[in-house]
**Q** 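Got a structure for you, questions after.
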Amino acid sequence: MRGGRKVIVPAMRRALPLLLVLAVLPGACRKEQAASSSFENAPVIVISVDTLRADRLPLYGYPKVATPHIDSLRADGILYENAYSHCPMTLPSHVSMLTGLLPTEHEVRNNLGYRFDAAKYPTLPQRLKERGYATGAAVSSYVLRAETGLGAAFDFYEDAIPVSTTGATSQHQRSGRATLAAAREWLSRQQSQPFFFLFHIYEPHAPYTPPEPFKSRYSDPYDGEVATADEITGEFLQLLKQAGIYDRAIIVLTSDHGEGLMQHGEDQHGILLYREVLHVPLIVKLPGRARAGDVVKAQAALADLPPTLLKATGAKIDKGVDILAAELPHQRRIYSETFYPRIHLGWSELRSLIDYRNHYIQGPKPELYDVFNDPAETTDILSEERRTAASMREELAKYPAGIQELQQIDPEDAAKLEALGYLGSVRATGAGAALPNPRDMLPYLERIKAAVRLKDERRYDEAVTALRGLVRENPGLADVWDELGELLFEIGEYEEAIKVYREAMSRSQRFLPETALSLGSAYLETGQYAEAERHADLAMKSAPSNAHALRARIAMRQRDFAKAEQEARLAIGTQNPQPATMLILADVKRQSGDLQGALAAADAAERRARELNVPALYRLDFIRADVYARLDRPGDALAAYRREIEHFPHNTQAYANLAIIYFLQGQRSEVERTLDAMVKANPHPGARALAARTRKEFQG
């Protein structure tokens, strides 16, 4: 017996009497027979707690963390015991959550390299807007920024997430409390009409850095992050109660995906496709606490939310599964996929189907698990249950497979890519290509992390050797090519960086605009302005803000300051500008000779950085220092250069400029001390060459 339920061992399943089979089917739960109701014009609120594993909540039997606020919401609503994500990645999963479509249908298959088309695939907020709803969202991750196409689906989309100069895109995030502040402001204005609101927090996502008291309370930092997310959720729910919204609203709490936590060898998510990354919490609270306390055991999926919520608000829906319905499909199988290992690592994609009993994972080495008796998926039963595996394999074959079925590249963009020689991005290999099994390749992850640590520790020669060794063994490691290119760029090896980025672009089975922009920046540093411009254009549709920023920097180098300012203002945009992007305008004004305008623009960028809780802004003090020097304020210039170096010791030009001021003041010992400090903090050829050039200028 397990939890009062008889455990059915796999070998006995075929001999089970029909009556016993029916007794364990999801639809047998009495509470699921309650009829669905309509709550016309009810506010609809979706709380998405990113990276929250269902089985790490008390509601799903986990005893090591306290989540009183989520528990309270559950007491007022319906708990779904078996809800699943269609993709263990933030952007594709949220698009499914908002469209009711699978990744094979809405065409967003990865966090990078895809842009959602809200005009082509109407979303839940758009459908509700047609019914008179106001629509808003506040998100906590750069991965969900408005530029992904999601912003076009809402009236209001708050994505003011600071972006640092380093780190993976998925690490650019903000505190859920900052997102809560943005939500509070918008919700306070929603009194005259029904509304839909998406509230997204990122606390359980790596890196796990829970604040006090949760840092001290929990030995497992992931648990501490879950407790933090619960507290923020509680503050959000209290806001709804104080505004008189809570009781009359439909409130959904869920997650986009779970987290590996080394259960099958993956620490985070995106590479593997086991239940720990697909099983997500799901609570639906109806107005007036209707059906409070109900438990639904039948399979639910994130794509079920739009049809369910539309029908609950009175819309006529003829597609999709309504998970509030009295009867749910007993034999339903839910599709999931991950193309991250293929796009980023050169390994095979994985796809799966899961039902109330079995989970079939298709890859180079197919697997089958009895999730009813073995929810942790410890024992592969494919060899024992070949008939079940064959049935699920046949059904999975009905879903589009392979890299060529991914979102079609715009013909104009495809022509640009092909003209530049990036055939891999246009002529990707077919689904039949033999690629490594992701689980077998997990040891590479530790080697990649070790190489990146060397890079972060400024052990440049060792890092270059380690990264080159990895791509030599496994040329499909797109993320490693990018790390190597970034490192070579940082140490001033621009020609080598160009070679690496071009190799990454040509080998990639998916066009990644971020790589194109990095390559464009390398071309800029070598004076190849036409090539830099072409690569900015490549990324214009997918990453317009960063593409315009690159074009502004190109125009500055060509001393076309009118164009540079125009591009800088386009990069800044009108909503939620990034302080680093705003600083480009200050640079334009500095180089054009508008020194007071440069200081004003720098001040505006600094104010924006404070709004976003950015502790230090790269090149802010560098620009100010140069302006002060031109205004004959050497004391202020010295102080500003020192601040820049303190915050950003890798900014080698700041050391060189500081040394020049010391030289002009006759402080020769400070000149040498500054240049020596530059090389010590940046032990690479680029810094040594800059130090030599600076000394030569003094001698001349």
**Q** When you compare the side chains of S48 and D256, does any donor N or O come within less than 3.5 Å of an acceptor on the partner?
**A**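 The criterion, which ignores hydrogens and geometry beyond distance, is not satisfied for D256 and S48.
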**Q** Side-chain donor-acceptor contacts of residues 238-253 below 3.5 Å, not counting sequence neighbours, with atom names and distances?
**A**
unit_1 : atom_1 : unit_2 : atom_2 : d
Y246   : OH     : D76    : OD2    : 2.6
R248   : NE     : G244   : O      : 3.0

**Q** Can you list everything that forms a side chain to side chain donor-acceptor pair (under 3.5 Å) with R608? Sequence neighbours excluded, please.
**A**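 With sequence neighbours excluded, R608 shows a side chain to side chain donor-acceptor pair (under 3.5 Å) to E611, given in chain and number order.
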**Q** Do the side chain of H344 and the main chain of Y340 share a donor and acceptor less than 3.5 angstrom apart?
**A**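 No; zero donor-acceptor contacts below 3.5 Å.
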**Q** What residues form a ring pair (Phe, Tyr, Trp, His ring centres under 6.0 Å) with Y121, not counting sequence neighbours?
**A**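 Expected list: none.
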**Q** Going by atom types alone, do Y208 and E259 pair a side-chain donor with an acceptor below 3.5 Å?
**A**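 Note: Y208 and E259 side chains meet the donor-acceptor criterion.
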**Q** List the steps and the verdict of side chain to side chain contact (heavy atoms under 4.5 Å, CB included) for L324 and R291.
**A** CA-CA 10 Å; L324 296 176; R291 295 182 59 187; 4.1 Å; yes
**Q** Do side-chain atoms of E276 reach the backbone of L261 as a donor and acceptor pair under 3.5 angstrom?
**A**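 Judged by distance alone, no pair lies under 3.5 Å.
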**Q** Using side chain to side chain contact (heavy atoms under 4.5 Å, CB included) as the criterion, list what pairs up with E147, not counting sequence neighbours.
**A**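 Side chain to side chain contact (heavy atoms under 4.5 Å, CB included) check on E147 returns R145, A543, P544, S545.
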**Q** Can you sort out the partners of E235 under side chain to side chain contact (heavy atoms under 4.5 Å, CB included), two or more places apart, ordered by chain and number?
**A**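 E235 satisfies side chain to side chain contact (heavy atoms under 4.5 Å, CB included) with R177, L180, E231 once adjacent residues are dropped.
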**Q** Before accepting this row, confirm whether a basic side-chain N of the pair K120/E107 lies closer than 4.0 Å to the acidic partner's carboxylate O.
**A**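 The answer is yes: the pair qualifies as a salt bridge.
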**Q** Tell me if a side-chain donor or acceptor on Q193 pairs with a main-chain N or O of F195 at a distance below 3.5 Å.
**A**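 Side chain of Q193 to backbone of F195: no pair is present.
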**Q** Can you list everything that forms a ring pair (Phe, Tyr, Trp, His ring centres under 6.0 Å) with Y62? Sequence neighbours excluded, please.
**A**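 Ring pair (Phe, Tyr, Trp, His ring centres under 6.0 Å) check on Y62 returns nothing, list empty.
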**Q** Output the distance between atom CG (D304) and atom NE2 (H86), rounded to the nearest 0.5 Å.
**A**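 Here the interatomic distance stands at 6.5 Å.
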**Q** Under the ring pair (Phe, Tyr, Trp, His ring centres under 6.0 Å) definition, can you give me all pairs with a residue in residues 277-297, not counting sequence neighbours?
**A**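 Counting only pairs at least two positions apart or across chains, the ring pair (Phe, Tyr, Trp, His ring centres under 6.0 Å) contacts touching residues 277-297 are Y60-H279, Y84-H279.
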**Q** Not counting sequence neighbours, which residues clear ring pair (Phe, Tyr, Trp, His ring centres under 6.0 Å) with H269? List them please.
**A**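 With neighbours one apart ignored, the set is H205, H257.
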**Q** Parallel, tilted or perpendicular: which fits the ring planes of H200 and H94, with parallel below 30° and perpendicular above 60°?
**A**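 Answer is perpendicular, since the angle exceeds 60°.
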**Q** Taking the side chain from T338 and the backbone from G270, do they hold a donor-acceptor pair closer than 3.5 Å?
**A**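 Between the backbone of G270 and the side chain of T338 there is a qualifying donor-acceptor contact (under 3.5 Å).
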**Q** Who pairs with H69 by ring pair (Phe, Tyr, Trp, His ring centres under 6.0 Å), at least two apart in sequence or on another chain?
**A**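 Scan of H69 (ring pair (Phe, Tyr, Trp, His ring centres under 6.0 Å), adjacent residues dropped) gives none.
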**Q** Strictly distance-based, threshold 3.5 Å: is any side-chain N or O of T308 a donor or acceptor partner for the main-chain N or O of I323?
**A**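 Side chain of T308 to backbone of I323: a pair is present.
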**Q** Using the test salt bridge (Lys or Arg N to Asp or Glu O under 4.0 Å), find all partners of D55 that sit at least two apart in sequence or belong to another chain.
**A**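 Scan of D55 (salt bridge (Lys or Arg N to Asp or Glu O under 4.0 Å), adjacent residues dropped) gives R53.
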**Q** Looking at R56, I want to see if its CZ is surrounded by more than 12 non-hydrogen atoms of other residues, nucleotides or ligands under 6.0 Å.
**A**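 Yes.
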**Q** If the condition is side chain to side chain contact (heavy atoms under 4.5 Å, CB included), which residues does A549 pass it with, not counting sequence neighbours?
**A**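 Once residues adjacent in sequence are excluded, the partners of A549 under the side chain to side chain contact (heavy atoms under 4.5 Å, CB included) criterion are A571, I584.
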**Q** Please enumerate all residues that pass side chain to side chain donor-acceptor pair (under 3.5 Å) together with S255, with sequence neighbours excluded.
**A**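 S255: no side chain to side chain donor-acceptor pair (under 3.5 Å) contacts found.
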